[in-house]
Each structure stands twice: as C-alpha cells, then as structure tokens.
Amino acid sequence: MGKNLIRCIEGTRDYFDLDGARFGKAMKAADHVFTAYGYSQIHTPVFEATELFARGIGEATDIVEKEMYTFKPGSDMITLRPEGTAGVIRAFLQHSMHKQGGLNKLWYSGPMFRRERPQKGRQRQFHQVGVEAVGSSDPLLDAEVIAMGLQFYAAVGITGIRTRLNSIGCSAPECRAKYRETLREAIRPNLDKFCKNCQNRFDRNVLRLLDCKNPSCKELAANLPKSHEHVCGECADHFGKVTEALDAFGVDYVIDPTLVRGLDYYTKTVFEYTHSALGAQDAIGGGGRYDGLVEELGGPSIPAVGFAIGVERVMIAMETLGACCCTAPLMVYGIAAGDEEHKAMSGLLARLRRAGVSCDMDFEGKSFKAQMRTAGRRGALIALILGSNELETGQITVKDMREDGGQSTVPLSQMQEAIEALVTVG
RNA sequence: GCGGGAGUAGCUCAGUUGGUUAGAGCGUCAGAUUGUGGCUCUGAAGGUCGGGGAUUCGAGUUCCCUCUCUCGCCCCA
C-alpha cells in the first residue's frame, strides 16, 4: 500500500466476494422479474453525444450543469452517460422501433457516471438497472411499472421499501405552468422566510422549494398548494387511475406532494422508492412518466414510463438486512497424492464439470494434508481422493466432507453415481 | 465545489507525556506418524506506520502540505 501502486479512480470501486455475489444476484433478479413482465433486454453504449443528455435531461439540471464526464477526443463532444433513459430513447428512435409495433418494453443494466462528491451510496461510477415502457399512456402501465420495481426488491430480499408517489402534471399551459404560478403566488409573501438556496431557486425552478431538506423550509412547504391537486383535468384523471390500480394491486404507497425529482423530462406520475438503511441518500430507485422526451429527442410524440434502480444502494440494503447470498458452494475438491495422480485428476474433473458438477483442485504442489485442508476451507461437499492405491486398481475414493460423513472407494466407472448419491441426499 | 472524521501487517485494530530491533487477534503458509480437512498445539512469512516536507540528538506519536477513504451539505440511484 505504501508503494506507488495504482489505485482505482476516486469514487469507483471493485466488487468481489460477497459484493460480487450481491451484484450478481441483483442482475439475475432484474432479468428474472423484468422478463416476467414482458421486458426485453437492451444494451446501449456507455458514451453518447453530449447533446443527447443536454437535451434529454435538461440544460438547467445539476447533472448537465456540473456532473457530466465530457470529452472531446476528436471533433465530437461525447459524454459518459449519467443515466440510462436518454440512451435507450435514442436507440429506440434510431432503429425506428415505434414503427414496428405498439408498446416497447425494454430493460437495461450497466454503469453510469456522475462527477459528484462520493459518499455513502454515491459513487462516480455506479450501476443501475432500469426499465422503459415506450408507447402507451395507460395509467395501468404506470401502476404495473411501480409494482414491478417492488417485486424486484422482494426478489433480492429487501424488505421495508417505502414508495412515494406524486403527479407533477404535463406541459399543457393550464397544467404544470399554471401550478408553478399558483405556487409562486403562495410563496411570494413568505419568500424571505425560506433559506437562501430556495430564494435563488424561486425563479429558476419553484418546484424545487417543495423538496428542500431544510427543516424550516419543509414546514413552510407543507402548507403550500399540492401539485396533484392542481394539475389539469387529464392529469388528475390519470393520477386517480394510477392510485386506483395500485390499490387494486395491493401496493403500499404514500402520496407525497413534495416529491418533485431532478430530471426535467418527467410528466404526470413520479415516484421514488426509499429505504432507511441508506443514510442521507435514501432513494434506492425512482422513476416516472415522461411523455415529452421522445419528441424532445426528435421523434414523434410518444408517451413512456420507466424507472431506474441504483444497484449499489440495493447492495447496501441487502447487506444491512442480511439478505446477502453466499457464494455458490463447491461440490467437489480433487486431492491427488503425486504427479501422475495430479494429471489423472485434472482429467476426472474435466469429465465432472461437463456433467455440471462444480469442482476444483490444487495447482500449487501442496502436500496431501494441505490439499485436504483446502478442501475443507473451500467448503467442498465432497473430496475425491486419488493416490497410488487407487491409480493402480482403477478406483477412486469419494469422501463426504460433512460433519460425520464417511468415504468409500469405488471403481472409476462408478465415480459419478457415488458423487450424485451424496449430493442429492444432502 | 464546501465542511467534519480517518489513514499502523491481507483484514479488524492497539501503540502510554516524542526514546532502542513497531505489537495483538483473525487470516495465510508450514509442521505435530507413512495418504485424510474442521478442534487443539508449535513455528514462520508479512509493515520505509498513505506520500512529501518541517521541528528535534531522536517522530507511528508534534506542525504544515498533499493524496485517498469516510460521513455530511448540494443533488440524485
């Protein structure tokens, strides 16, 4: 450590052992759950034209203003994706997916990059699994997406997720724009009572005053007009249908008028999943409807809903809940008494592996005893012992490594049966 | 970008008011009868005390700088 070793970049991490297993479990759960809802997988590039994010996420957002990794290797401006939705929609349009059929359900996973100060649950390279359902404005779809996210958390063993829900309206003049005005009017008399930050945001982005974490601002915000009660008739109707569907699904949620979210593209439904294990950043996933994004990126007007889940935050919750998985156990460890046996053993293991039995052996020239010890430490269910006795008579010793297991020496032709007998019984 | 805390063996940490060859537990490796693990015992390896500079006869210990980690602010996953 004292040497001039090269370390990973600030805010990035290596995952191995239990972390590797947790990460893998999250990926498997995503595949399993999202597939069950009819989503297919999409992988888009990690970098895209800078303009895509500027237009998609919004020029005035923190992400675009100060958190993007942007490069100019040649004449093009490219940036490492800070979120997944923009890239998916870009791909959707580039391949004219909307012309091939109605609703497209896509899910993705992969690294995202944001140049923020690292802290608990926040890194500069982090991972998300996310879904985008493009091509329907059905409120039932919003509800399905929300329920699916909860099913994902359940699949990785996370309990205690809190779902917050709100509607922030649409781009119609009598909807969000009008709500903004009523909000400003309600705030104006008391503006000096809000924190500095909020006063600055009053003109630029009033909605942000709603989710300020400053306690006194929070108190003031509680009495302000609520967005889901001031959106236009269509949005109000949509929101009502979403909550109705969630109730029918038996989904537990809270309507939170202060839920705003930081990306510009959201319309109507917004939601966030939070968990108490996470510390200051308690959002473990979030999403909403974005009916204007496809058009904003140069396509036709196509509605969509989606969410993104932070894999690292999922891993933190898994760890604190003890929902972690153990690494898969090794079934067989091969122990060889000498050079000839060592060679023969590698052939035997190759056969077993083709039959789907996980096995390993020593490659460091360890003593017989040390090989036994390794077999025990590795948690192998069975030790296969091959010494000169066995080699001469064409046999193999199969030893049950569990507490009071025995061992038996059988002809090589019966090795597999002997192993299977122990594994299936156990 | 701005604050608080921390950096001593692979891991978790001790290290007294600055004083000889920097310690423990766990882990690793090797032994304890010839080919049998887990328990026990014995031994070994492994640290320019994050890096650089300053003060001092002498610094893991004091001071400054820097890097990184960590927790917050901001914002988000």
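All of these numbers come straight from a predicted model, not from anything done at the bench. Each chain gets a letter, A, B and so on, in the order its sequence line appears, and its residues count up from 1.
Across C71(B), C29(B), G35(B), the shortest atom-to-atom separation from the side chain of Lys120(A) is found for C71(B). Out of G31(B), A77(B), G72(B), the shortest distance to the side chain of Ser367(A) is found at G31(B). The side chain of Gln119(A) lies closest to C74(B), out of C74(B), A77(B), U36(B). Which of A77(B), G37(B), C73(B) sits closest to the side chain of Glu116(A) comes down to A77(B). Here the nucleotide nearest the side chain of Phe126(A), chosen from C71(B), A77(B), G37(B), is A77(B). The listed nucleotides are C71(B), G1(B), G37(B); the one nearest the side chain of Met401(A) is G37(B). Residue Arg7(A) has its side chain nearest to U68(B) when only A30(B), U68(B), A77(B) are considered.
Within 4.0 Å of Gly279(A), counting heavy atoms only, lie sugar-phosphate atoms of the nucleic acid but no base atom. At the heavy-atom level, Gly285(A) lies under 4.0 Å from the strands shown only through sugar-phosphate atoms. Counting non-hydrogen atoms under 4.0 angstrom, Gln123(A) reaches a base of the nucleic acid. When heavy atoms are screened at a 4.0 angstrom cut-off, Arg13(A) is found touching the sugar-phosphate backbone but no base atom. Among the protein residues, Arg377(A) comes within range of the sugar-phosphate backbone only, with heavy atoms under 4.0 Å from sugar or phosphate atoms but none that close to a base. Residue contacts shown for Glu390(A) include a base, since a base heavy atom lies under 4.0 Å away. Gln281(A) comes within 4.0 angstrom of a nucleotide base, judged by non-hydrogen atoms across all strands. Ala380(A) comes within 4.0 angstrom of no nucleic acid atom, judged by non-hydrogen atoms across all strands. Contacts of Gly11(A) with the nucleic acid, taken as non-hydrogen atoms under 4.0 Å apart, involve only primed sugar atoms and P, OP1 or OP2. Ile284(A) comes within 4.0 angstrom of the backbone, heavy atoms only, and of no base. Within the 4.0 angstrom heavy-atom criterion, only backbone atoms of the sugar-phosphate kind lie near Lys366(A); the bases stay farther away. Looking at heavy-atom distances under 4.0 Å, Ala337(A) makes no contact with the nucleic acid at all. At a threshold of 4.0 angstrom between heavy atoms, the contacts of Thr374(A) with the nucleic acid are absent.
Between the side chain of Gln407(A) and the base of U36(B), at least one donor-acceptor pair of N or O atoms lies under 3.5 Å.
For His275(A) and Tyr153(A), the gap between ring centers reaches or exceeds 6.0 Å.
Between Tyr273(A) atom OH and A77(B) atom C1' the separation is 13 Å, expressed in whole Å. The distance from atom OH of Tyr333(A) to atom P of G38(B) is 15 Å, rounded to the nearest whole Å. Whole-Å rounding puts the Glu10(A) CD to G1(B) C1' distance at 12 Å. Rounded to whole Å, atom P of C67(B) lies 10 Å from atom CZ of Arg117(A). A straight line from OH of Tyr108(A) to C1' of A77(B) spans 9 Å, rounded to a whole angstrom. As rounded to whole Å, 13 Å separates atom P of C74(B) from atom CG of Asp282(A). The separation between Arg124(A) atom CZ and A77(B) atom P is 18 Å, rounded to whole Å. Nucleotide G37(B) holds its C1' atom 8 Å from the CD1 atom of Ile335(A), rounded to whole Å.
Of the P atoms belonging to G18(B) and C13(B), the separation is 25 Å, rounded to the nearest Å. Distance check on atom P: C67(B) versus G23(B) gives 33 Å, rounded to whole Å.
Electrostatic pairing of Lys343(A) and Asp339(A) does not count as a salt bridge here, judged by no charged N lying under 4.0 Å from a carboxylate O. Salt-bridge formation is detected for the pair Asp19(A)/Arg22(A): a Lys NZ or Arg NE/NH1/NH2 atom is positioned less than 4.0 Å from an Asp or Glu carboxylate oxygen. Salt-bridge annotation for Glu181(A) and Lys178(A): absent, with no side-chain N of the basic residue lying under 4.0 Å from a carboxylate O of the acidic one. Under a 4.0 Å N-O distance rule, the pair Arg164(A)/Glu272(A) qualifies as a salt bridge.
Note: Phe271(A) and Phe307(A) have perpendicular aromatic rings, judged against thresholds of 30 and 60 degrees for the angle between ring planes.
The shortest side-chain heavy-atom distance between Val311(A) and Phe23(A) falls under the 4.5 Å cut-off.
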